[in-house]
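Okay, structure first, notes after.
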Amino acid sequence: MSAPTSSTKTSTPEAAKPVSAPTPMMAQFLEIKAANPDSLLFYRMGDFYELFFSDAEIAAAALGIALTKRGKHLDQDIPMCGVPVHAADDYLQKLIGKGYRVAVCEQLEDPAEAKKRGSKSVVRRDVTRLVTPATITEEKLLNPTDTSYLVAVGRVKADGDALALAWIDITTGQFRLMESDAKRLLPDLMRIGPKEIVVAEPVYHDELLKSAFEQFGRTVSLQPAVLFDSATAAQKLAKFYDVQTMDSFGDFSRAELSAAAGALAYIEKTQIAERPSLQRPERESENSLLFIDPATRLNLEIERTLNGSRDGSLLKAIDRTVTGGGARLLAERLRAPLTDCSEINQRLDAVSFFLSEDDLGQKLHALLKSMPDMPRAISRLSLNRGGPRDLAAIANGLKVTRSIFDVLAGCEMLPQEIQAASDNLAMAPDDVHQLLESALGEELPLLKRDGGFVRNGYNAELDEMRGLRDQSRRIIAELQSKYAEDTGVKSLKIKHNNVLGYFIEVTALNAGPLTQTDDAKGKYIHRQSLANAMRFTTTELADLESKIASAAGRALAIEIGIFDELRDTAVAQADGLRACAQAASVLDVTIALAELAGGQGYCRPIVDDSRAFNITAGRHPVVEQALRKQASAPFVANDCDLSPRADGDNEHGAIWVLTGPNMGGKSTFLRQNALIAIMAQIGSFVPAGAAHIGAVDRLFSRVGASDDLARGRSTFMVEMVETAAILNQAGPNSLVILDEIGRGTATFDGLSIAWATIEYLHEQNKCRTLFATHFHELTALSERHNRLANVTIKVKEWNGDVIFLHEVIHGAADRSYGVQVARLAGLPDAVVCRAKNVLEELETQGRESKAATLIDDLPLFSTEIARAAENRSQSSQQHSSKNALNTALEGMTPDEMTPMQAMEALYKLKSIATEKG
Ligand SMILES: Nc1ncnc2c1ncn2[C@@H]1O[C@H](COP(=O)(O)OP(=O)(O)OP(=O)(O)O)[C@@H](O)[C@H]1O
């Protein structure tokens, strides 16, 4: 695991030493590099960005480009590599992807300007932008379906170590805040899925928090504590939003303000001069979201599989969105399912609506397919990094949203969620749309400096300049014909290059008519001789050229002015444009979920405030699709009912202990039920025949085995840490999925832990639980615990082989068919045979009789029993010694005794007590 970035500086070792006499350019480089020690410095040299010293070594290795040398510094060769400016985006993408930060240092003046200050003067340069994982905005560098969150962690010690998170997606302008605490920090960060985390050094090093940050390695960037100052935070935010006070934004805690200030400060630091357009910060409440602990989030493979791939994840299996914004929204919903039943049901109503209005959904999806990514275009424009195509994205986006609005306006009764989206679409800034449509041409260049993007007829002066330019070009064509006729050289051409501008070119053999007479010499002024050609100009041509140049220059200046005006108008309407885009994303996700439900035969779950969990004919959404793709046998649907039982404790959910053969489908069954809960709570239909789910507040799972060697934890230790987290946090509304607890240690230790865990879940946590195990002895627990039921997976034995039926039925398994599965896996025959013999022997040695008495034999219980036995024997001994003493005492009459007799009696009592005790 890598350390946070402030400790992985990429500075030049030499930079710290006194520099004897660096060249002026190298002196400038060293100075700029010293100010940006955490970043690779892209130092602009003409058409290249060059990197020096260790930056060059790192970049050359990371990019697979040649490492060369350029001059010497302190008598040592300076390592150097370079990337062409026009291809810089691709290289930046690679470096950012590998976790580096890049400082882009540009030339701030024309080299000619620098020369005026003296031959040794260096072109002025400075860093214009820090490119970091969460602050890139270029379309090429962004994945359309990924969010790009920068998270800042704020802490206020004076408020009892209050902790809060602020996260900003600079590419879409989203800005959110929430309170957290030391325990929740990791799950909260995992939920947000940050590209970058910024945190003050003392907070990073806090023993209670450090392990959470360490999980994110190089994603974490340490920043000066002053950026997070909560006392000045409100003021800084107010300044950013250009308001007098933050009061109208809501009531934020000091820790939230500190986090928000830290996030903004980092964005300002990386964007240097530019100010992005951000939405007002919105507060999220932890209680409104389903808490999914970090291990569960990873193990359930919600967004990515355990090996990091999207294929095979739940997201990939259910994503039918057609826009980048829709895909991001779906991923976000999956990261943060809801707990509020009415909100969930509103989303479900919307999905039901499009399921029944199939044609409408298809029509809207067809429109949405051409919806550009408006929020990202706005973000680039606000950062002065946008081009004409970003303006067009806004124009086209508004066009699409207008068409969608018109379609929705024709519908009678819209469900609340869709009506709200439609209301947002109604607020689309039509004036921006009209303005952009009237201003922008058809074919648009990427960069504004290329010009040619303003529509003819939009600006009279621009049309005039273009006319002049085009007219002059026509005149040039006429001139070429005239000169060809005058000289009789048919092949005479008027050409253009950047050095000579316009010139007349003839082959060397044809140059005579332009050079031989005085008249010709006076008219055709010689400019250049090449091996096969001669070049000339005329006063007429030169005049024309300056006219063309000034008309073209003026036309471009006008276009750039128009671009800036259009950009300012669009950015001023950023909030309305984003609301429109968000509405389009909501529609996209809802229609996509309806399409999924229709295509995959999902059902609408009943989600309420009960503690029910009753799934009929449930399927695993990912495995089902995979089996279908492989044209294998269809997925076997299974029921799962963990609802409170009417005839027992009707308040708390049940525990199902699932035993069954290896490869029978236990893990699949466990996971599918957890995924069904998640899907239901994002407002999606679920892969089942019917489902009734009392909203789950916390979802925990302990599935799959992995070690965490980097943190010094073995597989078993990780398993125990995760189990401990579950037992300490799960409550009556939680759903817990435990797969093979206790398998990583000696059988009896494992069995005891599994046993005690089930008991604790039953008695203390009282939550709905699925517990898969190969410890068949655990099925005996159902006799003692009324909310516990045994289920197993059906298999068929045939000719010594085992056939998996994948069917979950009530009852307990008596064996795991491990040896048969091992044979299927290709274990050598000799090993399989020997294993069978050993197994038979173990079984005949009275495994059954052992199992029958196991309840009393278990370490856990034998301790109790031993203790009880010990207590029993102690008490009986105490009892008998007490009896003998009593009898002796009863026979004694102290009033009648002489001192000597009393002394003898005392000795007798003492001896009875010592003898019996
Ligand atoms: N309900 C089902 N219908 C069809 N195929 C299934 C079903 N459940 C599981 N399978 C298939 O069986 C394979 C094994 O499933 P799974 O890993 O869930 O078994 P398991 O009982 O947990 O095994 P083990 O105890 O060895 O870990 C899966 O890869 C899947 O393809």
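Ligands are counted one by one from 1 in listed order, and the atoms in each one are counted from 1 as well. For reference, positions follow the sequence shown, starting with 1.
An N or O contact shorter than 3.5 Å is missing between Pro634 and ligand 1 by distance.
Of the listed residues (Glu740, Arg619, His806), the one carrying the non-hydrogen atom nearest atom 27 (O) of ligand 1 is Glu740. Nearest to atom 8 (N) of ligand 1 by heavy-atom distance, out of Thr668, Asp739, Leu805, Val808, is Thr668.
Contact annotation: Leu627 has at least one heavy atom less than 4.0 Å from an atom of ligand 1. Residue-ligand proximity: Gly660 is placed with every non-hydrogen atom at 4.0 Å or more from ligand 1. Using a 4.0 angstrom heavy-atom cutoff, Pro661 counts as in contact with ligand 1.
Ring geometry for His810 versus Trp656: interplanar angle over 60°, hence perpendicular rather than tilted (30 to 60°).
Lys666 N, 3.5 Å is the protein heavy atom nearest to atom 20 (P) of ligand 1. In this structure, the protein non-hydrogen atom closest to atom 3 (N) of ligand 1 is Val636 N, 2.8 Å. The protein non-hydrogen atom at the shortest distance from atom 19 (O) of ligand 1 is Gly665 N, 3.0 Å. For atom 23 (O) of ligand 1, the closest non-hydrogen atom on the protein side is Met663 N, 2.9 Å. Closest to atom 30 (C) of ligand 1, if we only count protein heavy atoms, is Val623 CG1, 4.2 Å.
Without hydrogens or angle criteria, Glu301 side chain to Leu306 main chain gives a donor-acceptor distance under 3.5 Å.
Set against the non-hydrogen atoms of Ser667, the atoms of ligand 1 under 4.0 Å away are 18 (O), 20 (P), 22 (O).
Environment of NZ in Lys369: sparse, with no more than 12 heavy atoms of neighbouring residues, nucleotides or ligands closer than 6.0 Å.
Only the side chain of His774 comes within contact range of ligand 1, with a heavy atom under 4.0 Å; no backbone atom does.
Once rounded to the nearest 0.5 Å, the distance linking CD1 of Ile726 with SG of Cys767 reads 9.0 Å. Note that CG of Asn345 is 11.5 Å distant from CD of Glu417, once rounded to the nearest 0.5 Å.
A salt bridge does not link Arg320 to Glu595: none of the charged nitrogens lies less than 4.0 Å from a carboxylate oxygen. A salt bridge does not link Arg328 with Glu332: none of the charged nitrogens is closer than 4.0 Å to a carboxylate oxygen. The pair Asp349-Arg604 meets the salt-bridge criterion, since a charged nitrogen lies less than 4.0 angstrom from a carboxylate oxygen.
Using a 4.5 Å cut-off on side-chain heavy atoms (C-beta onward), Leu805 and Ile793 make no contact.
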